[in-house]
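Some notes on the structure that comes next.
Given the structure is predicted, the values throughout are model-derived calculations rather than measurements. Both counts, for ligands and for their atoms, begin at 1 and track the order of listing.
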Amino acid sequence: MIYLDYSATTPVSYEVFDTISKVTKEFIGNANSLHALGLKSSNLLESATKQIAEIFNINTSEIVYTSGATEANNMALIGTAMAHHKKGKHIIVSKLEHPSIYAICDYLKSIGFEISYVNNDADGLIDFDDLKRKIRDDTILVSICAVNSETGIRQPLKIIRQIIKKENVATIFHSDVTQAMGKVPVNFHDVDLASMSAHKIFGPKGIGFLYKSSMVKITPIKYGSGKTNELNPGTPPLPLIAALSKAIRISQTDLEKRERFVNLLNEKIVASLEKYPNILINKTKYSIPQILNISIMDVMPEVMLHALDKYEVYLSTNTACASGEVSHSVMAIYNDLKRAKHTLRISLSYVTTTEEVNKFIKIFGEVYDSLKSKKEVI
Ligand code: PMP
């Protein structure tokens with residue numbers, strides 16, 4: 001098997017799996033319970049949270065566990081809208097967001113909020129002047145993805161924050177950092193709110209967190225009981241939280257070295273595709289190497305994907321969350337509908353081997369050569 005879909009999800013690492021297993025067996029108490037078993041669990045919860053907080057130099061109270069980035073995005077956007085609607089109903093997002101952000105924006109629009117879409121330049125970078133122009137007195141929130149899930153375009157969050165706060169100091173800045181985590185450095189001090197999912201960094205599915213700066217107020221979108229978290233009440237999923245903490249710790253080691261290695265793999269694949277005039281590389285100077293997006297103009301991407309499936313080579317058309325649709329991110333950068341309809345996303349990881357990439361290049365070439373001659377696959 002050659003798995004090149006690490007941006008859709010990653011397998012759980014052995015170390016993380018051990019943590020899940022150990023905590024499940026040894027920490028049976030509810031962290032909200034007052035007895036000794038409850039205390040044992042709540043101590044572990046506290047130390048797991050402390051470890052995450054220390055890594056990112058944030059406070060433990062700024063970490064809100066969620067079921068993943070989708071829930072964190074909901075809490076951030078809807079929670080901000082509910083808390084600040086009296087100040088304004090204007091929200092700005094980029095054209096390079098994850099589908100979950102657009103779905104939440106559609107909901108907010110249906111209840112009276114106004115959504116503006118900030119432009120980007122030909123390399124995918126946010127158009128700073130357009131952002132400046134769009135921020136108004138009633139702009140309560142700007143949400144811009146740290147790394148786009150389809151093309152890997154990375155945005156400079158620090159600069160974007162400075163622009164936002166200069167125009168309107170009360171505007172809250174949220175970033176979906178799901179695809180940045182474990183791939184490139186993330187500084188939570190660049191944002192007010194941020195969302196992530198553990199399963200993109202070799203952690204389990206069903207856990208993530210919302211970073212919420214202690215300086216910002218959001219309204220809870222969930223109600224219930226339990227003392228551990230007022231924004232996300234209920235029994236904390238301790239094995240998942242401990243696993244998240246472990247996965248984060250592992251993901252933050254040797255970031256630069258891992259990125260350099262993945263860059264070599266990325267360049268190897270790009271070089272191998274340059275001989276095909278009908279394969280376009282959707283990569284700009286802002287793309288991170290872990291996500292490589294291409295457009296195969298003379299073969300439908302689903303046909304290519306299924307043909308590769310037979311060789312146990314796994315990748316995505318655009319994202320797992322928007323499979324089969326036009327890539328709105330490629331559209332936002334290249335403004336070419338055919339190019340946006342023909343995308344394949346090859347997502348790499350530091351665990352990808354050179355041998356896997358060599359094999360992939362060979363299989364990809366054979367499959368593509370056999371398909372491109374068939375008219376019906378265009
Ligand atoms: N945001 C981004 C940028 C993502 O890549 C994903 C996962 N594809 C999500 C949000 C949603 O994450 P989850 O499915 O874990 O809620």
Side-chain angles (χ1 to χ4, degrees), residues 3-12 16 64-79 93-107 120 124 126 141-155 157 160 173-184 186 188 191 193-211 221-222 231-232 237 240-241 243-244 247-248 251 286-288 290-293 314-325 327-330 332-333 343-349:
Y3 186 76
L4 297 177
D5 205 13
Y6 288 98
S7 286
T9 196
T10 56
V12 173
V16 171
V64 181
Y65 294 114
T66 64
S67 63
T70 302
E71 187 175 32
N73 285 341
N74 272 272
M75 279 185 182
L77 271 65
I78 300 173
V93 297
S94 81
K95 295 178 180 171
L96 295 163
E97 296 304 310
H98 185 262
S100 61
I101 295 285
Y102 296 126
I104 301 163
C105 286
D106 285 347
Y107 165 67
N120 50 267
I126 293 301
L141 175 70
V142 174
S143 181
I144 292 175
C145 210
V147 168
N148 171 254
S149 58
E150 294 178 64
T151 59
I153 301 275
R154 183 181 179 196
Q155 302 295 342
L157 299 184
I160 293 172
F173 180 30
H174 167 258
S175 182
D176 182 339
V177 301
T178 310
Q179 293 290 350
M181 271 280 182
K183 298 184 179 111
V184 291
V186 171
F188 287 108
V191 299
L193 298 164
S195 315
M196 68 80 69
S197 259
H199 70 95
K200 310 283 186 184
I201 54 165
F202 301 89
K205 292 156 185 63
I207 187 77
F209 76 87
L210 171 71
Y211 161 75
I221 59 168
K222 293 167 82 173
L231 284 170
N232 198 3
L240 296 181
I241 290 171
L244 167 68
I248 288 176
S251 80
Y286 301 111
S287 305
I288 62 164
Q290 293 88 344
I291 300 177
L292 175 60
N293 195 297
Y314 303 111
L315 33 78
S316 282
T317 47
N318 32 32
T319 69
C321 306
S323 300
E325 292 170 18
S327 162
H328 68 258
S329 308
V330 170
I333 300 163
T343 59
L344 274 185
R345 181 185 67 179
I346 301 156
S347 48
L348 305 160
S349 158

Between [X] and [Y], a side-chain donor and acceptor under 3.5 Å:
X    : Y    : value
S195 : N73  : yes
S149 : H98  : no
S7   : Q179 : yes
D5   : S316 : yes

Would [X] count as being in polar contact with ligand 1, using the rule that some N or O on each side must be under 3.5 angstrom apart?
X    : value
K200 : yes
S149 : no
S100 : no
D176 : yes
S197 : yes

Y102: what forms a ring-ring contact (aromatic ring centres under 6.0 Å, His included) with it, not counting sequence neighbours?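 Partners of Y102 by the ring-ring contact (aromatic ring centres under 6.0 Å, His included) criterion, ordered by chain and then number, come out as H328.
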With sequence neighbours excluded, tell me which residues meet salt bridge (Lys or Arg N to Asp or Glu O under 4.0 Å) with K222.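 Partners of K222 under the salt bridge (Lys or Arg N to Asp or Glu O under 4.0 Å) test: E71.
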Residue part near ligand 1, for H199, under 4.0 Å between non-hydrogen atoms: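 The answer is the side chain.
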T70 and ligand 1 - part of the residue with a heavy-atom distance under 4.0 Å: both
